[in-house]
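Below is one structure, written out as structure tokens; the observations come after it.
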Amino acid sequence: MFDEKSYSIKMDKAIEVFSKELSSLRTGRANAAMLDLVKVDVYGQQMPINQVGSITTPEPRMINIQIWDTNNVPLVDAAIKKSDLGLNPQIDGQLIRLPVPELNEERRTELKKLIKSIGEKCKVSIRNIRREANEELKKTLKAKEIGEDEEKSAEKNVQIITDDHIKIVDEKVSLKEKEIMTI
């Protein structure tokens, strides 16, 4: 039997990942969550920064990362520079200081584009889940486990679930854009 709920749960997870990515975008204040998505290539694997050092925010516009292993300092520096955060690390021994600059109009526009592209990626993954569900429906129809009417009805329900999830993504995108554009 075809289970719509499992696909809805998969779409919820896609939105959860999307929300996490949005929270990592900076809005003008220093926030340790900004570094959550930055992965450092250490010890032969990709690790989040909080697993190679401790992250603190001593001031509203400063993030400090105390790296535990001296050899990892240049790797963390490179990972931060490579990320889309627009932060310029200052190295002081094993301490990396990240001054969080005031958001200027150009950076706000850049972030707006980034938010849109992250939102679009999430929508694509939701649509892929819909396609997966529809393929599953076609298989069950071919195997004569369900009738054509049931297949059409389930397909409609999957489309409704998809539309609802895409609407949630659009709302989150517009909320984050408003937050970034507010000075």
Side-chain angles (χ1 to χ4, degrees), residues 9-129 132 165-166 168-183:
I9 290 169
K10 283 182 182 180
M11 290 181 191
D12 288 340
K13 285 184 180 152
I15 288 180
E16 207 175 288
V17 169
F18 168 67
S19 297
K20 200 169 196 167
E21 280 186 55
L22 275 189
S23 73
S24 74
L25 288 178
R26 69 183 183 90
T27 55
R29 283 185 61 101
N31 177 1
M34 292 165 44
L35 301 172
D36 283 354
L37 296 175
V38 180
K39 301 281 189 252
V40 186
D41 195 12
V42 289
Y43 311 122
Q45 62 184 1
Q46 296 284 325
M47 296 176 88
I49 290 179
N50 63 5
Q51 290 184 6
V52 293
S54 53
I55 303 170
T56 56
T57 51
E59 303 166 29
R61 297 213 174 278
M62 181 70 69
I63 298 175
N64 287 348
I65 308 168
Q66 183 67 47
I67 308 296
W68 298 317
D69 184 353
T70 316
N71 301 329
N72 294 337
V73 173
L75 300 172
V76 172
D77 178 46
I80 292 169
K81 284 179 179 171
K82 214 169 58 180
S83 72
D84 278 337
L85 293 173
L87 298 174
N88 198 11
Q90 300 168 349
I91 300 172
D92 183 11
Q94 283 180 267
L95 180 72
I96 296 180
R97 288 192 180 88
L98 293 171
V100 180
E102 185 78 41
L103 284 178
N104 58 14
E105 196 60 37
E106 183 182 317
R107 182 67 184 149
R108 288 177 201 275
T109 311
E110 250 177 68
L111 283 172
K112 214 171 161 180
K113 286 179 189 167
L114 185 62
I115 291 167
K116 276 194 167 77
S117 80
I118 293 172
E120 208 46 54
K121 273 188 218 160
C122 182
K123 287 182 194 176
V124 166
S125 64
I126 288 171
R127 290 183 192 118
N128 285 340
I129 295 167
E132 192 182 302
H165 284 79
I166 283 179
I168 291 170
V169 170
D170 286 335
E171 286 168 6
K172 286 182 180 279
V173 164
S174 68
L175 276 173
K176 191 67 174 183
E177 283 177 346
K178 279 187 189 119
E179 183 184 327
I180 282 182
M181 296 314 273
T182 310
I183 299 173

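Numbers here are sequence positions counted from 1.
In this view, K112 satisfies the salt bridge (charged side-chain N to carboxylate O under 4.0 Å, His left out) rule with no residue, not counting sequence neighbours. Evaluation of the salt bridge (charged side-chain N to carboxylate O under 4.0 Å, His left out) rule for K123 yields E120, D170 as partners, not counting sequence neighbours. Take T57 and apply the side chain to side chain contact (heavy atoms under 4.5 Å, CB included) test, not counting sequence neighbours, and it matches A30, I63. Residues that satisfy the side chain to side chain contact (heavy atoms under 4.5 Å, CB included) test with E106, not counting sequence neighbours, are N104, E110. With sequence neighbours excluded, the residues that form a side chain to side chain contact (heavy atoms under 4.5 Å, CB included) with D41 are Q46. Applying the salt bridge (charged side-chain N to carboxylate O under 4.0 Å, His left out) criterion to E59, with sequence neighbours excluded, gives no partner residue. Remark: R127 pairs with no residue by the side-chain hydrogen bond (donor to acceptor under 3.5 Å, both in side chains) rule, at least two apart or across chains. Listed by chain and residue number, K172 satisfy the side-chain hydrogen bond (donor to acceptor under 3.5 Å, both in side chains) test with S19 (two or more places apart in sequence, or in another chain). In this structure, the side chain to side chain contact (heavy atoms under 4.5 Å, CB included) partners of I91, at least two apart in sequence or on a different chain, are V73, D77, I96. For N88, there are no side-chain hydrogen bond (donor to acceptor under 3.5 Å, both in side chains) partners at least two apart in sequence or on another chain. Judged as a side-chain hydrogen bond (donor to acceptor under 3.5 Å, both in side chains), and not counting sequence neighbours, N50 has no contacts.
Residue pairs meeting the salt bridge (charged side-chain N to carboxylate O under 4.0 Å, His left out) criterion with at least one member in residues 86-100, sequence neighbours excluded: D92-R97.
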